[in-house]
Amino acid sequence: MASLMIQGCGSDVGKSTLVAGLCRLFANRGLVVRPFKPQNMSNNAAVTADGGEIGRAQALQAIACRTPASVHMNPVLLKPQSDVGAQVVVQGRVVGNYKARAFQGLKPDLLATTLDSYRRLAAEADLVLVEGAGSPAETNLRAGDIANMGFAHAADVPVALVGDIDRGHVIAALAGAHLVLDEADRARIKGFIINKFRGDPALFDDGRAEVVRRTGWPDLGMVPWLPPVRFLPAEDAVVLERPAAASEGRRAKVVVPMLSRIANFDDFDPLRNDPAIDLAFLPPGAVLPADTDLVILPGTKATLADLAFLRANGWDVDILAHARRGGRVLGVCGGYQMLGRTVSDPEGVEGAPGSAPGLGLLDVETVLAGDKTVRPVAGQLTDGAAFEGYEIHVGRTSGPGAARPLLAIDGHGPDGAVSADGRIAGAYVHGLFDKASARAALLAPLGVATDGQDQSARVDAALDEIADILERSLDIAAIARIAGLP
C-alpha cells in the first residue's frame, strides 16, 4: 500500500497545497491517486456527488487527482459553531453538535472510522496522499490523536514534515518538532520539506544543512513561493485577513463583510481573480465604503449569531443606507436568510433557540428546522444563464418575495428571491460565480464585462503549474521511495 502523510509545523504552512500539487504530479504520471485527511476543521465545506460534506481542500485535491470527491477523503469534518463547540460530520453526514471536551470521547470510534475510509481509498489507488492537521508537535493533543501521528501509526503511513520559511524561525520549528516528539513519532518522519521560500534558494543551503544536522531527517527539497495558489480555493479563513492585490483598472467594487462564522468563502474566488472586479473583504469595525457597487452577504455556519455580529458592527445600518441609495445587495445561503424579514431557530439547530428580525430587504422569512440540505446542483438564472454549484444549509425560506426567484435548479425548481426593483437578491446556492456565463449575468447590472473564464479552468491550470514547480523543487524520487512506490 503506497502512501505518504504530509504533516506541518503548524497550521497554514501549505500542507493542503503541497498535497494537491503532488496529487496532480503523480496523476500526470499515470498513477491512480487519492487524497485523504482523517480529520479536518473548517466551515469551508464541499459537497460530494452523493450529497455528503468534506473539507474544501480535499475536494480540491480530488480535482488534482482527476477523480470525483468522496466522503471517504475526509471522514471527520468539524464545523465550528462557537469558540468551544462544533458540528461534527462523519463520513459526510452530521452526527451532532459537540463541545470540545465531549468530542474527545468520540475519538476512539472515530479512529476506526478514519481507518475504514482510508482503506477504502487505498483499495482503489496506486498511491494515497494524506494531509495532517495543525502540527504533530502540539504534544498536549497527542493522546487520542486521529489527525496526525495517531493516525500515521495506526495506518502505518510514513510522514514528511513541512516547515514554512515565510513565517521565519523555520529551523527552530523543525528542530523544535524533533525535540518535543517522542521517539516513535520522531522515527515516523522520513524527511522534511521547506515551503514558501522567496529569493535565491542557494542562500538557504546552510539552513537546510543545519536542519539535517539537528534532526537527522533527510532533506526532501525546498518549494518556492507559488503564485498559482491565488487561483485555488482556500480552506482557512486566515486568507481573508490578508490585504487584496492592487486593483488598478478594475471597474466594479464588490464588498463582502467578514462575518464571524463566515463559511464557503471560496464562492468569491472567481471575483477575486476577475480583472473587472475590485473585491474587498470588510473587516470587523470597518465602515462600508461609499463607492461600493455590490454588497454580498456570505454564507455562515451560524445565521442568528452572525446576524447579531453584523448589527454589532453597524453593518446593518450601512447596508440599508447602501440599498436606499440604489446600491445592490446579494445574499448567499445564510446571507440570503439575513436579507429577509425574520430568521427563527425554534429548535436550537445552530445554537440557543431564538428568533431575530432580518434586514427586511426581501419579503421572505426563514425557519431553521428540518433535515440539512446537502447536494450538488445545476440550473439557470432567470435570464437563462447556466450555473453549477451546491447547496449546504439548514432551514427553509418562504414568503411573497420567493414568487420572484433568482434561479431555477434542475430537478428541484425555483430558488431564492429578487426584490421588485431587482436590486436585492438572494439564494441558497453556493458557487454561483464559478461559471463565466452566470458571473457575467449576475454582474452585468454593475456595467462590467467579466473575463469569460470559468473558475474550474483557472484551478486546473494552476494545479498543473504547481505540479511542474514541485517536480523541479522536490526530490520526487525520494518521496516516491518513502511512499513505497515501485
Hey, are Thr303 and Gln337 close enough side-chain-wise for a donor-acceptor pair under 3.5 Å? yes
Are Asp116 and Gln91 close enough that a side-chain donor and a side-chain acceptor fall under 3.5 Å? yes
In His153, Glu131, Arg142, Gln7, the residue satisfying side chain to side chain contact (heavy atoms under 4.5 Å, CB included) with Asn148 is Gln7
Using the side chain to side chain contact (heavy atoms under 4.5 Å, CB included) rule, pick out the option among Thr215, Ile189, Ile6 that qualifies with Leu161. Ile189
With salt bridge (charged side-chain N to carboxylate O under 4.0 Å, His left out) as the criterion, how do Arg439 and Asp451 come out once you've worked through the C-alpha distance, each side chain's angles and the decisive distance to 0.1 Å? CA-CA 9 Å; Arg439 187 164 72 251; Asp451 66 359; 2.8 Å; yes
I'd like to know whether Arg213 forms a salt bridge (charged side-chain N to carboxylate O under 4.0 Å, His left out) with Glu210, so could you lay out the CA-CA distance, the side-chain angles of the two residues, the decisive distance to 0.1 Å, and finally the verdict. CA-CA 5 Å; Arg213 186 183 73 79; Glu210 179 71 2; 2.9 Å; yes
Hey, could you give me the CG/OG distance between Asp126 and Ser3, rounded to the nearest 0.5 Å? 12.5 Å
Judged by atom type as modelled, is there a donor-acceptor pair below 3.5 Å linking the side chain of [X] to the main-chain atoms of [Y]?
X: Asn264; Y: Asn44; answer: no
X: Asn313; Y: Gly285; answer: yes
X: Trp315; Y: Ala286; answer: yes
X: Asn195; Y: Asp164; answer: no
X: Asp306; Y: Ser260; answer: yes
X: Asp454; Y: Ser456; answer: no
X: Arg230; Y: Pro227; answer: yes
X: Asn273; Y: Asp269; answer: yes
X: Ser117; Y: Thr114; answer: no
X: Asn74; Y: Gly55; answer: yes

Tell me which pairs pass ring-ring contact (aromatic ring centres under 6.0 Å, His included) where either residue lies in residues 11-48, with sequence neighbours left out. Phe36-Tyr118, Phe36-Phe151
If you look only at pairs with a residue in residues 159-201, which of them pass as a ring-ring contact (aromatic ring centres under 6.0 Å, His included), with sequence neighbours excluded? His178-Trp217
Show the numbers, then the answer: is there a salt bridge (charged side-chain N to carboxylate O under 4.0 Å, His left out) between Asp267 and Arg272? CA-CA 10 Å; Asp267 279 343; Arg272 189 198 300 271; over 6 Å; no
Quick one: closest heavy-atom pair of Ala122 and Val128, and the distance? CA-CG2, 3.8 Å
For Asp219, enumerate each residue passing the salt bridge (charged side-chain N to carboxylate O under 4.0 Å, His left out) test, keeping only those at least two apart in sequence or located in another chain. Arg208
I need the single residue from Gln58, Glu124, His72 that forms a side-chain hydrogen bond (donor to acceptor under 3.5 Å, both in side chains) with Arg34. Which is it? Glu124
